[in-house]
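Each ligand, and each atom within it, is numbered from 1 in the order the structure gives. Computed from a predicted structure; not experimentally measured.
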Amino acid sequence: MDFDLSEELTALRESVRRLARDKVLPRARDIDETGRYPDDIFAAFRDAGLLGLCIPVEYGGSGAGILGLTIAIEEVAKYSNTCALMLLLTRLPTGPVMIAGSEEQKQRYLPGIASGTHRAGFGLSESGAGSDVVGMMTRATSDPDREGGWVLNGVKCWMSGVVQADWYTVFAKTGDPSSRRHDSITAFIVERSYEGVSVGSIDKKMGVRGVDTGELVLSDVRVPAENVIGEVGGFRLAMLGLNSMRPVVAARGIGLAEGALMYAVDYVQQRRAFGGTIADFQGIQWEIAKLAIEIEAARLLTYRSAWLADQGKFTREWVPYLSMAKYYATEVAVKASGLSVQLLGAAGYMKDHPTELWYRDARQLTIVEGTSQVQLNLVARGVLDRHLWWD
Ligand SMILES: Cc1cc2nc3c(=O)[nH]c(=O)nc-3n(C[C@H](O)[C@H](O)[C@H](O)COP(=O)(O)OP(=O)(O)OC[C@H]3O[C@@H](n4cnc5c(N)ncnc54)[C@H](O)[C@@H]3O)c2cc1C
């Protein structure tokens with residue numbers, strides 16, 4: 001057993017740490033206040049080669065895998081969860097293509113993500129189908145004019161990066177829309193330029209502002225046969241893609257928690273009260289200690305889950321290990337951001353400090369890509385099915 005990162009990953013962490021401090025930290029507040037997409041940060045990520053971390057070398061990436069992306073996101077999330085989300089979006093929509101896409105799809109769609117010429121979005125949720133994805137109503141019917149082609153109709157919602165994306169991984173019912181069967185759902189690559197594709201309403205969010213979240217409207221969109229990802233009826237792909245993403249979302253949580261605790265510790269060590277500093281009180285020290293323990297526990301779960309995902313271990317039997325990382329790291333982020341507000345007192349509640357921003361951002365993490373309750377269901381299923389057992 002070896003807990004050390006490889007030399008390459010240690011160097012990656014150092015370089016992203018510097019980039020995050022130099023470029024992301026000074027921009028975080030402005031991105032939140034204006035809500036404008038930070039093109040300068042995207043360019044900095046592109047120039048540093050971070051957009052292709054999880055893309056294999058043969059498709060223009062650096063092949064650093066999920067663990068490499070996890071480490072980079074952890075560093076960026078110390079200052080801005082919006083910028084961390086920009087990195088996450090290099091994997092969420094490309095995951096199904098990497099897992100089950102054809103060679104042609106990989107050649108066509110992955111190099112643009114790695115080089116930053118193209119961006120992508122992930123369309124699974126609908127207004128009536130979030131946790132219960134099988135309830136989706138977006139429908140794909142056979143194209144009468146094109147052999148093997150499909151015609152898509154529906155509205156995907158809450159899609160991160162919907163405005164900036166050049167293509168989308170979209171899930172639709174190829175079977176009866178009222179069917180609850182998993183094999184009634186298929187994944188497609190839908191290009192932004194296809195006729196009938198448009199961006200609908202944009203959400204007004206409480207946090208993670210700067211990367212838009214909104215609707216993708218599909219009206220009689222004709223998708224060629226070669227843009228089906230994997231098999232028709234391959235809903236399993238949605239779950240495999242999401243399972244392999246658990247460490248990447250978890251990384252946004254641990255990074256945020258680390259940033260919040262470090263900031264609060266700096267503050268309480270200089271804030272004077274009762275003839276000493278706030279950090280002198282044992283009650284405060286114990287809160288710091290308990291959170292530090294939880295952050296390290298979350299980091300270990302997150303790194304292990306990233307390592308598992310890189311081994312291709314994101315099928316059913318590995319789900320509890322992956323889901324517990326997402327659950328725990330994002331819950332720790334909520335807790336850490338709350339504690340950082342509290343430890344700064346009134347100052348923590350004001351926009352002079354980033355604590356209130358982290359508090360708003362953290363709330364997103366326990367909802368997206370499977371809520372905390374859904375992760376608990378998955379962990380429980382794993383234990384009940386003996387996939388997580390200690391005997
Ligand atoms: C900022 C943001 C960005 C997003 N980006 C994307 C994106 O890029 N692509 C995309 O497809 N989606 C995206 N989403 C949607 C996100 O994945 C869904 O919000 C999430 O899956 C939960 O679905 P829901 O909001 O419909 O909640 P619901 O499913 O309606 O759940 C409501 C509550 O009920 C609980 N609940 C539901 N089912 C169960 C159960 N079986 N047991 C116990 N409790 C349960 C939930 O945990 C939650 O607390 C985004 C959401 C947000 C907020």
Logged contact type for K156 with ligand 1, heavy-atom cut-off 4.0 Å, is neither
Report task. For ligand 1, note which part of T371 has a heavy atom under 4.0 Å away: side chain, backbone, both or neither. Result ->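 T371 to ligand 1: side-chain contact only, backbone stays beyond 4.0 Å.
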Only heavy atoms of [X], strictly under 4.0 Å: list the atoms of ligand 1 that pass.
X	value
L124	11 (O)
E369	17 (O)
V368	2 (C), 3 (C), 4 (C), 50 (C), 51 (C), 52 (C)
Q373	43 (C), 44 (N), 46 (C), 47 (O), 49 (O)
Q364	1 (C), 2 (C), 3 (C)
M159	7 (C), 8 (O)
I367	19 (O), 20 (C)

Nearest non-hydrogen protein atom, [atom]:
atom	value
atom 8 (O) of ligand 1	S160 N, 2.9 Å
atom 21 (O) of ligand 1	G130 C, 3.8 Å
atom 37 (C) of ligand 1	S131 OG, 3.6 Å

Do side-chain atoms of [X] reach the backbone of [Y] as a donor and acceptor pair under 3.5 angstrom?
X	Y	result
R119	L89	no
Q375	G370	yes
E258	I295	no
E296	I293	no
Y303	T70	no

Hydrophobic clusters here meaning ILVMFWY residues chained together by side-chain heavy-atom distances under 4.5 Å, can you tell me if I189 and I113 are in one? yes
Original post:
I229 and L216: same hydrophobic cluster, using ILVMFWY side-chain contacts below 4.5 Å?
Top reply: yes
Please verify the inter-ring angle class for F42 with Y37; under 30° counts as parallel, over 60° as perpendicular, anything in between as tilted. tilted
Verify side-chain hydrogen bond (donor to acceptor under 3.5 Å, both in side chains) between E126 and T138, making sure each step is shown before the conclusion. CA-CA 8 Å; E126 296 179 9; T138 295; 2.7 Å; yes
Return a yes/no value: protein heavy atom under 4.0 Å from [atom]?
atom	value
atom 34 (O) of ligand 1	no
atom 29 (O) of ligand 1	yes
atom 3 (C) of ligand 1	yes
atom 39 (C) of ligand 1	no
atom 51 (C) of ligand 1	yes

| message | Pair E356, R360 - check salt bridge (Lys or Arg N to Asp or Glu O under 4.0 Å), show working. | response | CA-CA 6 Å; E356 63 80 35; R360 287 183 284 115; 3.0 Å; yes
Distance-only check: which donor-acceptor pairs under 3.5 Å involve side-chain atoms of residues 129-136, not counting sequence neighbours?
{"unit_1": "D132", "atom_1": "OD1", "unit_2": "R180", "atom_2": "NH1", "d": "3.2"}
{"unit_1": "D132", "atom_1": "OD1", "unit_2": "R180", "atom_2": "NH2", "d": "2.9"}
{"unit_1": "D132", "atom_1": "OD2", "unit_2": "R180", "atom_2": "NH1", "d": "3.1"}

From atom 12 (N) of ligand 1, work out which of S127, S125, A238 has a heavy atom at the shortest distance.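 Shortest heavy-atom distance from atom 12 (N) of ligand 1: S125.
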Paired with T174, the side chain to side chain donor-acceptor pair (under 3.5 Å) test is passed by just one of D183, T141, T186, namely T186
* Sole candidate of M350, H353, R271 that passes side chain to side chain contact (heavy atoms under 4.5 Å, CB included) when paired with L344 ->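 That would be H353.
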Any nitrogen or oxygen of [X] lying under 3.5 Å from a nitrogen or oxygen in ligand 1? Just yes or no.
X	value
F122	yes
N377	yes
W158	yes

Open item on the list: Looking at ligand 1, is there an atom of it that comes within less than 4.0 Å of some heavy atom belonging to V208?
Closed with: no
